2 protein chains.
Amino acid sequence: MAKRVSHRDSMCGVARPLDAIGDWWSLLIVRDAFEGLRRFGEFQKSLGLAKNILSARLRNLLAHGIMETVLAADGSPYQEYVLTEKGRGLFPLLVALRQWGEDFFFEPDEAHVLLVDRKNGLPVRRLELRAQDGRVVGAEDTMVRLPSIAPE
Amino acid sequence: MAKRVSHRDSMCGVARPLDAIGDWWSLLIVRDAFEGLRRFGEFQKSLGLAKNILSARLRNLLAHGIMETVLAADGSPYQEYVLTEKGRGLFPLLVALRQWGEDFFFEPDEAHVLLVDRKNGLPVRRLELRAQDGRVVGAEDTMVRLPSIAPE
DNA sequence: CTCGCATGGTTTTAAGTTGAAACCGCTGTG
DNA sequence: CACAGCGGTTTCAACTTAAAACCATGCGAG
C-alpha cells in the first residue's frame, strides 16, 4: 500500500504529504467530508467506488490521522468518519485544485459548482501566495531553500 | 490509463483536475519542473522512478497540456519538457501541499526545505483564502453552490 | 569508418493493485 | 422467526506498476 521510496529514505516536503493522502479517491473522500458527508454509505454513493476500495482508503486516512471515527450522533449503531484537524488542513489544497480546475477544465460557458462565502453567497477570491512584505508572488518569485540549520 | 468514471459521466470540479494530473509521480514531475528541471534524465535522477513510468507520465502531462516539449536550448539534439501556462497554474496547489506537509509531517526541529521569496530570502506567508470582502475564510465559512444559471 | 558511450526512450515480465460482485455479520423491524 | 438495511470483507479476473533488459540515435575519439 505505501509507495516504495527506493530513491531516498526520507521523502521531501511534497512527497510525504502525497504519500499520506494515498490516492485520488482519498482526496475525493476528504472533499466529501468537507461537504458534510460522514457515513460509509454516503461516501460510497457520492463517489461510486467499490466498497472494498472505499474501505481501504478510509483505513488509510484513519491510519494517517486525516480522518477519525466517532460514534454516530443520531443514535444509529454505526460509526461515522470525520476529518481531524490534520484533515481539515487540506482545505487550501482542495481549493487550489478546484480553482485550477475552474481555470483550465471548464469552457467559459460551462456550468460548474462554485465555492462561495456562506455569509453572503458570493464566490471566494482566488488563493494567493504572498511574501512577508505582502507582495503577491508567483512561482518565478520564489525558490526552495534548505533552512539555515544543517539538514539531517 | 484514464480513470473510469462509471458513476457520472462528466466529472466534478475536483475530480477532473485530479484525472488530468494522473498520479503522484506527475505532481512530483511538475514540482521538479518548477525547480527548473527540464530533461528526461534530470527528472529520472531526481525522482528515482523507472524510465518507463517517467515516460508514461510525461506523455500524459503532454497530452493534458500541462507540459510541452521544446527543442533543447543548449544545442543538444534532445528535447526538453517545460510547463505550459496550465502547468504553471499548479503552483498554488503545490504550495498548499507543501504547507500542509510543513504543518503535519515534520517534527518541529526537523529540517526541511523552505519556500522563500527570491528577492530577500524570507519564507513566504501561508496561503490564505479570502472572501470578496477580504475576510480570511476557512472551510466552515464556505460552501459549494451551483451557479445561478441552470447546470447543463 | 568504427568503436564506445551518453541520452532517451520502449519492451518484457513478474509482482502488486484495483474493482465488481458475492458473501458475511450485525441490528433493528414486522 | 424472516427479512431488510448498513457496513464492511473476501474472491478473483483484469489492469497497472516497476525493474531490468533491450534498442535507437547522435556524438567524439582513434
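From a predicted model like this one, the values you see are computed outputs, not experimental measurements. Sequence lines set the chain letters: A, B, ... in the order given, protein chains first and strands last, and positions in each chain run from 1.
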Rounded to whole Å, how long is the line connecting atom [atom1] of [X] with atom [atom2] of [N]?
X        : N       : atom1 : atom2 : value
Glu80(B) : dG8(C)  : CD    : C1'   : 13 Å
Asn52(B) : dC23(D) : CG    : P     : 16 Å
Arg57(B) : dT10(C) : CZ    : P     : 13 Å
Leu28(A) : dG19(C) : CG    : P     : 12 Å
Ile53(A) : dT10(D) : CD1   : P     : 14 Å

Check: If you find the nucleotide of DNA chain C closest to Lys51(A) and the one closest to Gly41(B), which residue's nucleotide is nearer the 5' end?
Finding: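 Of the two residues, Gly41(B) wins.
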Next item on the list: For Arg39(B) and for Ala50(A), find the nucleotide of DNA chain C with the closest heavy atom, then tell me which residue's nucleotide is more 5'.
Entry: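 On the 5' side of the pair lies Arg39(B).
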Checklist line | Selected nucleotide, minimal atom distance to Ser55(A) side chain, candidates dG19(C), dG9(C), dG8(D) | finding: dG8(D)
Next item on the list: Can you figure out which of dG8(C), dG7(D), dT12(C) approaches the side chain of Tyr78(A) most closely?
Entry: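 Selected nucleotide (nearest to the side chain): dG7(D).
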Checklist line | Plane angle bin for Phe43(B) and Tyr81(B) - parallel if under 30°, tilted between 30 and 60°, otherwise perpendicular | finding: perpendicular
Note to self: Regarding Phe43(B), tell me which of base, sugar-phosphate or nothing describes its non-hydrogen contacts under 4.0 Å with the strands shown.
What the structure shows: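 Here Phe43(B) touches no strand at all.
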Next item on the list: Inspect the contact between Arg125(A) and Asp117(A) and indicate whether a charged nitrogen and a carboxylate oxygen are less than 4.0 angstrom apart.
Entry: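 Salt bridge flag = no for Arg125(A) with Asp117(A).
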Notebook entry, point to check: Do the charged groups of Glu128(A) and Arg126(B) touch, with an N to O distance under 4.0 Å?
Noted result: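 No, this pair does not count.
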Checklist line | Short side-chain donor-acceptor distance under 3.5 Å, Ser26(B) and Asp23(B) | finding: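 There is such a pair (donor and acceptor under 3.5 Å, judged by atom type) between the side chains of Asp23(B) and Ser26(B).
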Checklist line | Contact under 4.0 Å: Arg59(A) side-chain N or O vs dG8(D) OP1/OP2 | finding: no
